Protein chains: 2
Amino acid sequence: MYICPMYSSELIKGTLKTIVLNLLKEQGKMYGYEITQRVKLLSNEKIQITEGALYPLLHALEKQGEVTTESEYIGKRVRKYYSLTEKGAISAKDKVSELADFMATIRFLLNLETTTANG
Amino acid sequence: MYICPMYSSELIKGTLKTIVLNLLKEQGKMYGYEITQRVKLLSNEKIQITEGALYPLLHALEKQGEVTTESEYIGKRVRKYYSLTEKGAISAKDKVSELADFMATIRFLLNLETTTANG
DNA sequence: CAAATATACATAACTTTCTTATGTATAATC
DNA sequence: GATTATACATAAGAAAGTTATGTATATTTG
């Protein structure tokens with residue numbers, strides 16, 4: 001069995017947008033820091049989204065009308081919550097489908113079809 | 001069911017090196033053009049490796065000692081065959097393991113665990 | 001209570017890695 | 001003879017990260 005401390009950044013690159021859109025779809029609304037922590041947790045520390053990658057992505061998604069934002073104050077500190085628009089929800093669905101399809105193709109390409117136990 | 005004409009390039013980016021190393025591992029030796037055609041065929045046209053991506057990658061792999069080359073003449077035209085070195089074989093194995101692990105993590109992250117039929 | 005760590009945002013310089021375009025040349029097909 | 005396929009190579013530009021830096025509040029710990 002293979003133990004990986006952290007995936008190479010090239011791998012994460014292509015899936016970041018999909019992951020974020022999908023999380024927003026499932027969670028309803030989230031703020032940036034929360035997204036980084038949840039991905040870290042769910043991936044067992046193997047995917048750590050950097051702020052330099054996440055915030056520009058979220059800003060771009062907002063600009064493209066895929067998410068809307070609302071700021072909330074926790075004490076004096078601001079939190080910016082992101083929610084999917086209808087367009088963003090469609091995008092999330094498409095992205096996830098594409099990624100699922102892609103992974104199936106890759107498994108076939110790499111002959112990983114029967115990868116189940118004891119790798 | 002989702003029909004995808006061609007995966008977004010961001011997705012392919014992170015997996016190109018892995019795909020190439022794995023093909024070389026399975027096929028013994030291949031030349032560049034052959035790699036592009038095989039990937040195109042095996043992926044049902046959904047992954048088309050561009051020459052501008054492939055050749056620089058192959059040159060880099062050679063420079064790093066992961067592949068060796070031998071040129072063969074087919075008539076007057078040259079073909080450059082690439083084979084894995086021992087180092088390249090290890091790299092291939094590692095890369096494939098990492099990708100398999102990564103895809104499992106992504107499936108979990110995206111709740112695709114039970115994706116089998118009529119997705 | 002001071003220091004360190006965690007929370008929470010943002011952006012800029014730089015790097016990597018591809019896309020697109022271009023270039024060269026032979027072989028096969030129509 | 002012209003077009004398409006085979007077969008290599010590289011350079012300019014774009015995209016999307018990483019790394020570093022900056023600001024500021026909240027919490028934990030010694």
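No experiment lies behind these values; they were computed from the predicted model shown. Only this structure's heavy atoms are used, side chains among them; waters, hydrogens and symmetry mates stay out. To find a chain, count down the sequence lines: A is the first, B the second, and so on, and within it residues start at 1.
For the residue pair Glu98(B) and Ser8(A), a side-chain donor N or O sits within less than 3.5 Å of a side-chain acceptor on the partner.
For the atom pair CG of Asp94(B) and CG of Leu99(B), the computed distance is 12.5 Å after rounding to the nearest 0.5 Å. How far CG of Leu57(B) is from CG of Leu21(B): 7.5 Å, rounded to the nearest 0.5 Å. In this structure, CG in Leu23(B) is found 5.0 Å from CE in Met30(B), a value given to the nearest 0.5 Å.
Of the candidates Tyr73(B), Tyr31(B), Tyr33(B), Tyr31(B) is the only one forming a ring pair (Phe, Tyr, Trp, His ring centres under 6.0 Å) with Tyr81(B).
Note on residues 56-69 of chain A: pairs passing side-chain hydrogen bond (donor to acceptor under 3.5 Å, both in side chains), not counting sequence neighbours, are Glu62(A)-Thr69(A), Glu66(A)-Ser91(A).
Considering only residues two or more places apart in sequence or on other chains, Phe102(A) meets the ring pair (Phe, Tyr, Trp, His ring centres under 6.0 Å) condition with Tyr7(B).
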* **Full working for salt bridge (Lys or Arg N to Asp or Glu O under 4.0 Å) between Glu72(B) and Arg77(B)** => CA-CA 8 Å; Glu72(B) 184 178 302; Arg77(B) 199 162 52 191; over 6 Å; no
* **side-chain contact (heavy atoms from CB on, under 4.5 Å) assessment of Glu26(B) paired with Leu110(A)** => CA-CA 9 Å; Glu26(B) 289 183 343; Leu110(A) 299 184; over 6 Å; no
* salt bridge (Lys or Arg N to Asp or Glu O under 4.0 Å) between Lys29(B) and Glu70(B), worked out -> CA-CA 10 Å; Lys29(B) 68 178 189 179; Glu70(B) 38 182 328; 3.7 Å; yes
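Between the C1' atom of dA10(C) and the CG atom of Leu58(A) lies a distance of 12 Å, rounded to the nearest Å. Between the CZ atom of Arg38(B) and the P atom of dA7(D) there is a distance of 13 Å, rounded to whole Å. The distance between atom CG of Leu41(A) and atom C1' of dT7(C), rounded to the nearest whole Å, is 16 Å. The distance from atom NZ of Lys80(B) to atom C1' of dT24(C) is 15 Å, rounded to the nearest whole Å.
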Protein and nucleotides 16-19 of chain C: nitrogen or oxygen contacts under 3.5 angstrom:
from    : atom 1 : to       : atom 2 : distance (Å)
dC18(C) : OP1    : Lys13(B) : O      : 3.0
dT19(C) : OP2    : Thr50(B) : OG1    : 2.8

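Ile90(A) belongs to no multi-residue hydrophobic cluster, having no ILVMFWY side-chain contact under 4.5 Å with any other such residue.
For DNA chain D, the residues of residues 26-37 of chain B within the heavy-atom distance limit of 4.0 Å (strictly under) are Tyr31(B), Gly32(B), Tyr33(B), sorted by number. Contacts of residues 63-79 of chain B with DNA chain C (heavy atom under 4.0 Å): Gly75(B), Lys76(B), Arg77(B).
Contact between the side-chain N/O atoms of His59(A) and the OP1/OP2 oxygens of dC9(C) is not found at any separation under 4.0 Å. Distances shorter than 4.0 Å separate some side-chain N or O of Tyr55(A) from OP1 or OP2 on dC9(C).
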